[in-house]
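Throughout, a chain's letter reflects where its sequence line sits, starting with A, and its residues are numbered from 1. Hydrogens, waters and symmetry mates are skipped; everything else that's a heavy atom, side chains included, is used. Owing to the predicted nature of the structure, the values given are computational and were not obtained by experimental measurement.
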There are 2 protein chains.
Amino acid sequence: MSATLRQVAERAGVSVRTVSNVVSGFALVAPETRTRVQAAIDELQYRPNAAARHLRGGRSGLVALAVPEIASPYFGELAGLLAEEAERRSWLTLIQQTGGNARDERALLDGVRGQVVDGVILSPWALSPGDLTRRPEAVPLVLLGEQDAGGMLDHVTVDSIAAAREATRHLIERGRTRIAAIGLQPHLENGTAARRLEGYRQALSEAGLPADPVLEIPVDRLHRRDGADALAQLLSGPVQIDAVFCFSDQLALGAMRTALQHGLTIPGDIAVVGFDDVEDGRFSTPSLTTISPDKEAIAREALACLDDRVGANGQVPARRIVVGHQLLVRDSS
Amino acid sequence: MSATLRQVAERAGVSVRTVSNVVSGFALVAPETRTRVQAAIDELQYRPNAAARHLRGGRSGLVALAVPEIASPYFGELAGLLAEEAERRSWLTLIQQTGGNARDERALLDGVRGQVVDGVILSPWALSPGDLTRRPEAVPLVLLGEQDAGGMLDHVTVDSIAAAREATRHLIERGRTRIAAIGLQPHLENGTAARRLEGYRQALSEAGLPADPVLEIPVDRLHRRDGADALAQLLSGPVQIDAVFCFSDQLALGAMRTALQHGLTIPGDIAVVGFDDVEDGRFSTPSLTTISPDKEAIAREALACLDDRVGANGQVPARRIVVGHQLLVRDSS
DNA sequence: CATCCATGTTGCAACGTTGCATGCCACGTT
DNA sequence: AACGTGGCATGCAACGTTGCAACATGGATG
């Protein structure tokens, strides 16, 4: 094991407390003493013991990042940015996968959180606002995504309604009139899909196009497979379409595959727009038009919220931060 | 904060030690006492304090997962599986991005490791075997990938030479004779690219095809962009090719994009094979033929190594575990 | 009846750190 | 000479847990 304060103290011929002062950089230490202690520290390769500091100070320096699945490109990219930002602020990042189900998300809120981490950044998928606010313990919690908690919690999000409206409007401006929406998730409490659907409908309505329930396709999850299946289902039916707005890039990439397999051209026969701007969509063929949320800003703001809340223990008013987004027009439309 | 053992003890009218015994499940506790204590635990919602346990027991229950970048699909998928397996074994997973540079990888070995985590799973990218073995402290370390450490450390890998040979042989069996290799990384210590190149050359040699240095293309990183650029470079030159073996799926997906943009057909004009079997390749158009390493096995074996080494403190002989792989033939060849 | 054992239960100490209060010294002021 | 002051260093206690050894109790054994 590593050297302790006591060992360093003995070596330097000072008290444990003085070594602690040198290590912390604070307090008054005579220059001569400081160099002597520092020498002992270097010789013994002293490293502060994280467990003792945690026990004594009540802070672990750990933040949990809870997402449905880290392997999903969007959450992978977000996790990368969050981990970077966390490191910049001297936090270590714990990764916690919820699988997107309510049971695991709830277990997470009760479990890990309380005793190991100083804060949690949660991207809820299945929890209702009620679940979120009914938390006995008070570990700082920041929400990502659409699921609001009635203004009780810090919350970083994009304006999904506006973004979805822009995406749909873009398709309309390209002359499309039979625009399907893929990605409804009526079985989840999660408000994301609902908001994107809302934006989609607003755009249709603004353009005087009818909203047709037959064009609104629910999916089980947000994987490529689901997008592929959803479009296949549409194409095998009697419905005519000339565009699809998918609620995630993953869905869009799956849908594109189905379209191409059916011999359709993109964007000739079908224009496709996604949401997330993951790396895949930039190099797919054709490249994918998408809504690009400002992920760097999400990471930055989420950690900033946590920092503020952990620093000032007690009452900081809950914040709701809306980060920017951008429509990136590429070859698929 | 949460209740402590002492508070539970007072409430149940027993000693702190007895409560500890109940919580741990071990030792002898009279059934009647146990239920009484359990009741107090439930009422007070007692949760063991992780910091105290860590300090007392010397184990944090944390394992660090150190990869170049979590946003990269291969590492994302691997991280997901590793985190799942870790949870199954009651570890929490810390995520540590090295950026694939030697400085950060070295810093990681000296820093975090020592005082916070019980073990590290490292996917080295830039470190030499020398860097890896020259470690003063003795925190269990498991290596992923090709970079061996002279048999000094636990090491989980695929047989890259054999896999690359199979991939190349597959292209030869499809009648290709001008097969390029994309993905050399002469600037890194990392042995991965070197082994895949070795397997590629072996296959050519076995088939009596000449190895042509002009067909072996180095890249800076392993992103789609690099694959796209590499193929563009090849196509703009005088060299004729009818197939590409890319050392990662990312490179392959980038190369496919370039090929399609140049109006080439896949696999008609150019057959493409990748390495990794990431989700993207399953839904790209055309879908990507690739080498699929058994990622579940990698995750399982890596955690098993760590468990064994942490459990039995001291001398466990270093293990080298080779997990299986499989050539998945899809539309790109 | 003394002894031994198994079963329950307990107090003490220690893990390494830092907040707090105190001690000590030299120096300058009244 | 007595006093206050500021710079520096230290000892004690506590964070919450568990290993260890010891201690009760009651029943079985010699």
Student: Is a salt bridge present between B/R36 and B/E32, judged by a nitrogen-to-oxygen distance below 4.0 Å?
Tutor: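 A salt bridge links B/R36 with B/E32.
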Student: Quick check against the 3.5 Å criterion: does B/R309 have a side-chain atom that pairs as donor or acceptor with the backbone of B/P140?
Tutor: no
Student: Please report the distance, rounded to the nearest Å, between CZ in A/R36 and P in D/dC8.
Tutor: 14 Å
Student: Quick one: bend of the helix from C/dC1-D/dG30 to C/dT30-D/dA1 from 5 pairs per end, to 10°?
Tutor: 70°
Student: Starting at CG of B/L28 and ending at C1' of C/dT10, how long is that distance when rounded to a whole Å?
Tutor: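 In whole Å, C/dT10 C1' and B/L28 CG are 13 Å from each other.
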Student: Which atom names give the shortest non-hydrogen contact between A/C305 and A/I321, and what distance separates them?
Tutor: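 Looking at all heavy atoms of both residues, the closest pair is SG-CD1, 3.8 Å.
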Student: Calculate the interatomic distance between B/R34 atom CZ and C/dG8 atom P; express it in whole Å.
Tutor: 10 Å
Student: Of the options D/dA9, C/dG8, C/dG11, whose atoms approach the side-chain atoms of A/T33 most closely?
Tutor: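 Given the options D/dA9, C/dG8, C/dG11, the side chain of A/T33 is closest to D/dA9.
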Student: Which whole-number value in Å describes the distance from A/L55 CG to D/dC15 P?
Tutor: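 Answer to the nearest Å: 9 Å.
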Student: Establish, with yes or no, whether the OP1 or OP2 oxygen of D/dT10 is under 4.0 angstrom from a side-chain nitrogen or oxygen of A/T18.
Tutor: yes
Student: Would you say A/S15's side chain and A/T18's backbone share a donor-acceptor pair under 3.5 angstrom?
Tutor: yes
Student: Between B/R320 (side chain only) and B/H155 (backbone N and O only), is there a donor and an acceptor less than 3.5 Å apart?
Tutor: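 The answer is no, because no donor-acceptor pair under 3.5 Å joins these two groups.
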Student: Using the 3.5 Å cut-off, write out each protein N or O paired with an N or O of nucleotides 17-19 of chain C and the distance between them.
Tutor:
residue, atom, partner, partner atom, Å
C/dT17, OP1, A/Y46, OH, 2.3
C/dT17, OP1, A/N49, N, 3.2
C/dT17, OP2, A/L5, N, 2.6
C/dT18, OP1, A/R53, NE, 3.0
C/dT18, OP1, A/R53, NH2, 3.3
C/dT18, OP2, A/S20, OG, 2.7
C/dT18, O2, A/R56, NH1, 2.1
C/dG19, N7, A/R17, NE, 3.1
C/dG19, N7, A/R17, NH2, 3.0
C/dG19, O6, A/R17, NE, 3.1

Student: Okay, side chain of A/S60, backbone of A/V116: is any donor-acceptor separation there less than 3.5 Å?
Tutor: yes
Student: Between A/Q97 and B/G80, is there a donor-acceptor pair closer than 3.5 Å when you use the side chain of the first and the backbone of the second?
Tutor: yes
Student: Find out whether the Lys NZ or Arg CZ of B/R59 is both under 6.0 angstrom from the six-membered ring centre of B/W91 and within 45° of the ring's axis.
Tutor: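 Satisfied, under 6.0 Å and within 45°.
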